[in-house]
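First up is the structure itself, then whatever we jot down about it.
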Amino acid sequence: MCGIVGYIGPRDATPIILDGLQRLEYRGYDSAGVAVIRDGDIHLRRDVGKLANLRRRVEADPISGSIGIGHTRWATHGAPAEHNAHPHISMDGEYVVVHNGIVENYLELREELMAEGVQFKSETDTEVIVQLIERFAQNGANHNLTEATRRAVQLLRGAHAIVVMSRQKPDELVAVRIGNAGGVAIGLGEGENYVASDIPAILEHTRRMIFLESRQMATVRADSFAVQTLDGQSVRGEVHDIPWDPVSAAKGEFKHFMQKEIFDQARSLTDTIRGRVDFEHGTVLLPDLNLSEAQARALTQMVIVACGTSYYSGLVGKFFIEHMARLNVEVDYSSEYRYRDPIIDEHTAVLAITQSGETVDTLAAMEEAREKQATLWSIVNAVGSQAMRTSDGYITMNAGPEVGVASTKAFTASIVDQYLLALYLGQLRGTLTPAQRRAYTHDLGRLPDLVGRTLENDGAIKQLAGQLYHYRDFLYLGRGINYPIALEGALKLKEISYIHAEGYPAGEMKHGPIALIDEDMPVVCIALKDALYEKMISQIEQAKARGGIVIAIATEGDSFIGSKADHVLYVPESAPLLSPVLAVIPLQLLAYYIAVRRGADVDQPRNLAKSVTVE
């Protein structure tokens, strides 16, 4: 959600920070601010709304300095307002802080500080942090910024990412991570260093980064850094070389990042397959999973934990793993998982799916699994993220930066990664013959080309969106492995167009939702030529009998369905297990073009954030 950028070095920090914050806009925010130190004073600019407002404020009243911090805020305590925007300054004007997370005990800390005479200027929980730092600096830390920060943050409850600077120490930044409120990356340059809550903010400047673990802090100077625990123990930070190309984050020829990322999918799926499949022998290579044949055979069950789009991906993955690896799979919402005392043990594998690798509910579910001795795996897109680092093994999506809040290419990449996982488990557990493995890998090898062909129908989908964008309610129906795609299609529409939409298993339609169908209800039916095709035709006929406007997602060459549905969007014929990857693409495009026709903010939908780092 909130974004953090910091810089220290010989250059002017202000444009570096503003540009970095712009690359984090996808995370969602309602205000922004920047603070720099120059000539012994802290200079602060903040504004409400989009980052462009802050840029105009800075242009009208410039600030510059060789050290600075910036922030995009998504309100949790206190309304979106300039005085609530970050950064926040201590009462004596010596210290300034930016912060992601929620201070769960801020009320008692605030009351304690007010009793000591502290006057607060905002309604935020964040301001208690900087006032605590001031307190400890005055009471024994003697302007030792690292020590004052360490003592202050130890009083906080909750999960936090914090960056602090002081006008008494204009040569250092202090960054802290506690729990799972989002990442803290230290970017290493030549004679300059950076701090950010997410990789894209600083990737233009450096690919060499260190990631703080929970309860670690870093003192960062222009030419050095030091990492320690909150207990004061020195830590040797591991330097990661990040492979992303910063140019790939640009929209290029596309109007929106979401549109670009939909069209990226043939490439992103190629990247997630590349190097992992021996097509000649039908074998899969997943060395980062750290799984032996004996461990694979000892598994008795698997649990997939995820949120939102990743949860629907897990519902598809369940079909793969049960079919190929003959392993029972449960799929749980991460936000609910730890509250029901799940029955798992050392013979259970828990797979977390999270694009950012920082989703707080999913990280909490992983902690629950760890405590119960389960094997912990993750499928992530963000290299070096918390989920990746805390897993026993992982699979990276290799989708590249996904900027649009509504996930598209990460969804299909995570589906393919689960297909690879299912094949790998089947290979290790001996549940697939060599001939079966070769057939499955052959099907996978065809997929990027089929995705490219599906995207060629873009024009027809755009035209259809022009006929549907004024409707206020949609129903999405699917069966079998494509039921989760009905859920995902409905989610995409509601996320970016603000149209109410429901996804349902088609067989359940007559158990309630059929009462909603009339001439004002478009019904999107995923009716591919598979084992459930005839049953889907029956559902289409029932919807049509009640006046519904039927949009069918169908297999190329199926002329019969045209006599049943009002509109048909075709996808190429594929192996049934991989059909969800193709079926979801017209639904992504339909949601996108409907949202564009309605004038919605496609890349940054209201009330949503890319990475949910507070519960």
Side-chain angles (χ1 to χ4, degrees), residues 272-306 310-311 313-332 334 337 342-354 357 362 365-380 387-398 413-445 447 481 575 577-578:
T272 206
I273 296 168
R274 181 182 287 122
R276 292 170 167 167
V277 180
D278 179 340
F279 291 102
E280 180 181 354
H281 299 99
T283 55
V284 172
L285 309 172
L286 295 177
D288 293 326
L289 204 61
N290 299 320
L291 182 68
S292 69
E293 180 177 320
Q295 290 170 320
R297 290 178 180 270
L299 293 174
T300 58
Q301 68 167 334
M302 183 171 165
V303 178
I304 299 173
V305 292
S310 293
Y311 173 80
S313 170
L315 292 177
V316 176
K318 173 182 171 74
F319 282 83
F320 299 156
I321 295 160
E322 291 188 342
H323 181 76
M324 297 186 203
R326 308 311 298 164
L327 186 64
N328 181 62
V329 179
E330 296 180 12
V331 187
D332 264 283
S334 299
Y337 184 67
I343 302 172
I344 55 177
D345 57 22
E346 68 274 14
H347 300 298
T348 303
V350 173
L351 171 66
I353 305 174
T354 162
T362 300
M366 294 173 72
E367 290 175 6
E368 177 77 14
R370 176 71 72 197
E371 290 176 3
K372 293 180 181 290
Q373 307 302 312
T375 299
L376 201 55
W377 298 330
S378 61
I379 292 177
V380 299
M388 174 178 160
R389 298 196 306 274
T390 59
S391 300
D392 297 308
Y394 60 86
I395 305 171
T396 54
M397 296 180 193
N398 296 340
S414 65
I415 287 177
V416 170
D417 287 333
Q418 289 174 92
Y419 188 91
L420 292 169
L421 175 59
L423 274 169
Y424 190 56
L425 288 171
Q427 179 178 305
L428 294 178
R429 289 166 60 86
T431 56
L432 294 174
T433 67
Q436 287 173 322
R437 296 201 310 265
R438 284 193 294 272
Y440 286 131
T441 55
H442 172 75
D443 293 338
L444 186 61
L447 186 63
I481 199 170
L577 282 179
L578 289 169

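Only heavy atoms go into these numbers, but all of them, side chains included; no hydrogens, no water, no symmetry mates.
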Could you report the tightest heavy-atom contact between [X] and [Y], atom names first, then the distance?
| X | Y | answer |
| --- | --- | --- |
| Ser378 | Ser391 | OG-OG, 2.9 Å |
| Ser414 | Ser313 | OG-OG, 2.8 Å |
| Thr441 | Phe279 | O-CE2, 3.0 Å |
| Val350 | Ala374 | CG2-CB, 3.9 Å |
| Gln427 | Gly282 | OE1-O, 4.3 Å |
| Gly393 | Asn290 | CA-ND2, 4.0 Å |

- Task: Begin from the C-alpha positions of Val329 and Leu351 and carry the test side chain to side chain contact (heavy atoms under 4.5 Å, CB included) through to its verdict.
- Result: CA-CA 10 Å; Val329 179; Leu351 171 66; over 6 Å; no
Mind checking side chain to side chain contact (heavy atoms under 4.5 Å, CB included) for [X] and listing every partner two or more places apart, or none if nothing turns up?
| X | answer |
| --- | --- |
| Tyr311 | Ala306, Leu315, Val331, Tyr333 |
| His347 | Ala298, Thr300, Asp345 |
| Gln295 | Leu291, Ser292 |
| Asp392 | Arg370, Thr375, Leu376 |

Is there any salt bridge (charged side-chain N to carboxylate O under 4.0 Å, His left out) pair reaching into [range], and which pairs are they, with sequence neighbours excluded?
| range | value |
| --- | --- |
| residues 430-443 | none |
| residues 288-306 | Glu293-Arg297 |
| residues 418-434 | none |

- Task: Only counting residues at least two apart or in another chain, list the ones meeting ring-ring contact (aromatic ring centres under 6.0 Å, His included) with Tyr394.
- Result: none
- Item | Side-chain (Gln418) to main-chain (Val316) donor-acceptor, under 3.5 angstrom | no
- Query: Under the side chain to side chain donor-acceptor pair (under 3.5 Å) rule, what pairs show up with a residue in residues 317-327, not counting sequence neighbours?
  - Reply: Lys318-Glu322, His323-Tyr440
Among residues at least two apart in sequence or on other chains, which ones pass side chain to side chain donor-acceptor pair (under 3.5 Å) with [X]?
| X | value |
| --- | --- |
| Thr396 | Arg276, Asn398 |
| Ser310 | none |
| Gln301 | Thr348 |

Find the distance between [atom1] ([X]) and [atom2] ([Y]) and round it off to the nearest 0.5 Å.
| X | Y | atom1 | atom2 | value |
| --- | --- | --- | --- | --- |
| Thr362 | Asp332 | OG1 | CG | 11.0 Å |
| Glu368 | Ile344 | CD | CD1 | 6.5 Å |
| Leu327 | Leu421 | CG | CG | 9.5 Å |
| Leu444 | Leu423 | CG | CG | 7.5 Å |
| Phe320 | Ile415 | CZ | CD1 | 6.0 Å |
| Leu577 | Tyr419 | CG | OH | 6.0 Å |

- Query: Going through the distances and angles, do Ile379 and Met397 end up as a side chain to side chain contact (heavy atoms under 4.5 Å, CB included)?
  - Reply: CA-CA 7 Å; Ile379 292 177; Met397 296 180 193; 3.9 Å; yes
- Task: Go through the steps for Ile395 and Thr272 under the test side chain to side chain contact (heavy atoms under 4.5 Å, CB included), then give the verdict.
- Result: CA-CA 9 Å; Ile395 305 171; Thr272 206; 5.5 Å; no
- Check against side chain to side chain contact (heavy atoms under 4.5 Å, CB included), Trp377 and Leu286: CA-CA 12 Å; Trp377 298 330; Leu286 295 177; over 6 Å; no
